[in-house]
Amino acid sequence: RCPSSMDMNPVKQSFQEIKDAVQVNDTFKNVTILSNLHSVKVLSPLDTCCMTRKLLEFYVKRVFKYREELSLHISRGVSSISNSFLTLQRTVQPCKEKSLCPCSEAATNATRTINNNYDQLEVGSAAIKSLGELGVFIAWIDKNYHQETSTA
Amino acid sequence: GGADVLPAPQNLSIHSTNMKHVLTWTPVIVPGERIHYSVEYQGEYESLYLSHVWIPSHWCSPTEGPMCDVTDDITTTVWYNLRVRATLGLQTSDWSILEHGFNRNSTILTPPKIEVTKDGFYLVIELEDLGPQFEFHVTYWKSEPDAQAHIKVVKSGNIPVHLETMEPGVKYCAKAQTFVKAIERCSAFSQAECIEVQGDALPL
């Protein structure tokens with residue numbers, strides 16, 4: 001498997017500190033962006049790598065850039081999380097360079113759906129919702145990187 | 001007077017030991033006036049994607065300075081930029097930026113303070129509490145030729161840890177180093193400390 005592990009603890013800690021404050025600001029409760037993540041039938045570890053890379057990029061290139069109208073408390077948390085994501089990207093990057101991170105159609109479709117969901121909303125609302133749904137991404141990483149290794 | 005430009009703080013530098021990071025600078029002196037300072041930071045993400053975004057420091061926006069504990073601002077192991085400006089009433093100086101940036105993986109890790117004692121026949125060690133980011137690798141051994149050393153990972157300081165049961169009349173030694181997972185680094189080992197249980201026979 002590449003990457004062999006993903007240390008999400010710094011992200012979990014920072015997210016825990018801002019989660020409630022972020023989710024209060026989410027005005028579109030009946031809409032989700034990462035909803036399909038858990039229903040995706042990931043066929044191989046290679047798919048997991050591809051989706052991890054694309055989801056990290058989704059957050060880094062789209063979500064974390066939005067800092068307007070965030071309280072100072074949330075801004076600090078988002079800064080901490082976004083910088084942790086840079087470190088996580090550096091964990092995945094070698095896998096791509098060694099061609100261990102190709103994208104199957106299933107993985108590509110899944111991440112395309114997430115980006116499409118994001119585009120349905122105005123950028124501020126989409127960013128706030130995606131921030132609030134970080135827990136979905138964290139759970140997905142735990143399921144794919146930690147639960148399997150602990151039961152292997 | 002008021003019309004004069006308030007000079008920017010000079011000689012910014014950061015001192016980091018055991019994951020506690022302190023920014024210092026030369027104070028701005030205006031006779032008869034009390035100067036305050038504001039400290040701001042940006043991580044590598046901000047400098048890459050949002051270079052205009054700076055975040056006020058947890059504890060030093062404002063502060064009377066001329067130092068600032070930025071430990072709670074530096075929360076990930078990436079490069080950070082730090083800047084300071086002086087304020088006097090409504091007047092603010094230019095920003096001064098820390099010249100080379102800072103990454104917490106450069107922090108100085110000191111060997112931990114240890115205390116080796118005995119609790120009955122137990123060899124006990126107590127370690128300095130350095131905060132939640134620190135765990136300790138304790139090495140202990142019987143002070144005899146060819147004695148094998150044992151290693152124990154201790155997750156936090158300030159709690160007496162039983163290492164092993166000692167034989168009477170034999171000297172036992174222990175030493176420790178810190179390990180910080182967030183930066184994947186260890187300190188040097190502490191000095192070894194030894195102790196011995198007097199030569200009474202072991203209880204049945």
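Keep in mind that the numbers below use all heavy atoms, side chains included, and drop hydrogens, waters and symmetry copies. This is a predicted model, so every value here is computed, not measured. Proteins get letters first, then strands, A, B, ... in listed order; numbering begins at 1 in each.
In this structure, chain A has no heavy atom under 4.5 Å from any part of B/Ile74. The part of A/Arg67 that comes within reach of chain B is its side chain, from C-beta onward, which places non-hydrogen atoms under 4.5 angstrom from that chain.
Taking OG of A/Ser75 as the reference point, atom CD of B/Glu46 lies at 9.0 Å (rounded to 0.5 Å). Note: B/Ser47 OG to A/Asn83 CG = 7.5 Å, rounded to the nearest 0.5 Å. Considering CD1 of A/Ile81 and OG1 of B/Thr75, their distance stands at 9.0 Å, rounded to 0.5 Å. Here the CD-OH distance, from A/Gln89 to B/Tyr45, works out to 9.0 Å after rounding to the nearest 0.5 Å.
For the set A/Pro10, A/Ser84, A/Ser79, the entry with the most heavy-atom pairs within less than 4.5 Å of chain B is A/Ser79. For chain B, the option among A/Arg76, A/Lys65, A/Gln13 with the highest count of heavy-atom pairs below 4.5 Å is A/Arg76.
Atom CD of B/Glu99 has 12 or fewer heavy atoms from other residues, nucleotides or ligands within 6.0 Å. Annotation for B/Glu144: atom CD counts as buried by contact number, over 12 foreign heavy atoms lying within 6.0 Å. For B/Lys20, the NZ atom counts as loosely surrounded, since its 6.0 Å shell holds 12 or fewer non-hydrogen atoms of other residues, nucleotides or ligands. The number of heavy-atom neighbours closer than 6.0 Å to NZ of B/Lys155, taken from other residues, nucleotides and ligands shown, is 12 or below. Enclosure of atom CD in B/Gln191 is not indicated, since only 12 or fewer non-hydrogen atoms of other residues, nucleotides or ligands lie within 6.0 angstrom. Heavy atoms from other residues, nucleotides or ligands lying under 6.0 Å from CH2 of B/Trp59 number 12 at most.
Proximity of B/Tyr49 to A/Leu86: side-chain heavy atoms (C-beta onward) are separated by under 4.5 Å at one or more points. Here the side chains of B/Val78 and A/Arg90 are in contact, with some heavy-atom distance below 4.5 Å.
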B/Lys181 and A/Asp7: CA distance, side-chain angles, deciding distance, salt bridge (charged side-chain N to carboxylate O under 4.0 Å, His left out) verdict: CA-CA 10 Å; B/Lys181 185 175 190 317; A/Asp7 181 11; 3.5 Å; yes
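Closest non-hydrogen pair, B/Leu50 versus A/Phe64, comes out as CD1-O, 3.8 Å. Taking every heavy atom of both residues into account, A/Leu72 and B/Pro56 meet most closely at CD1-CD, 3.5 Å.
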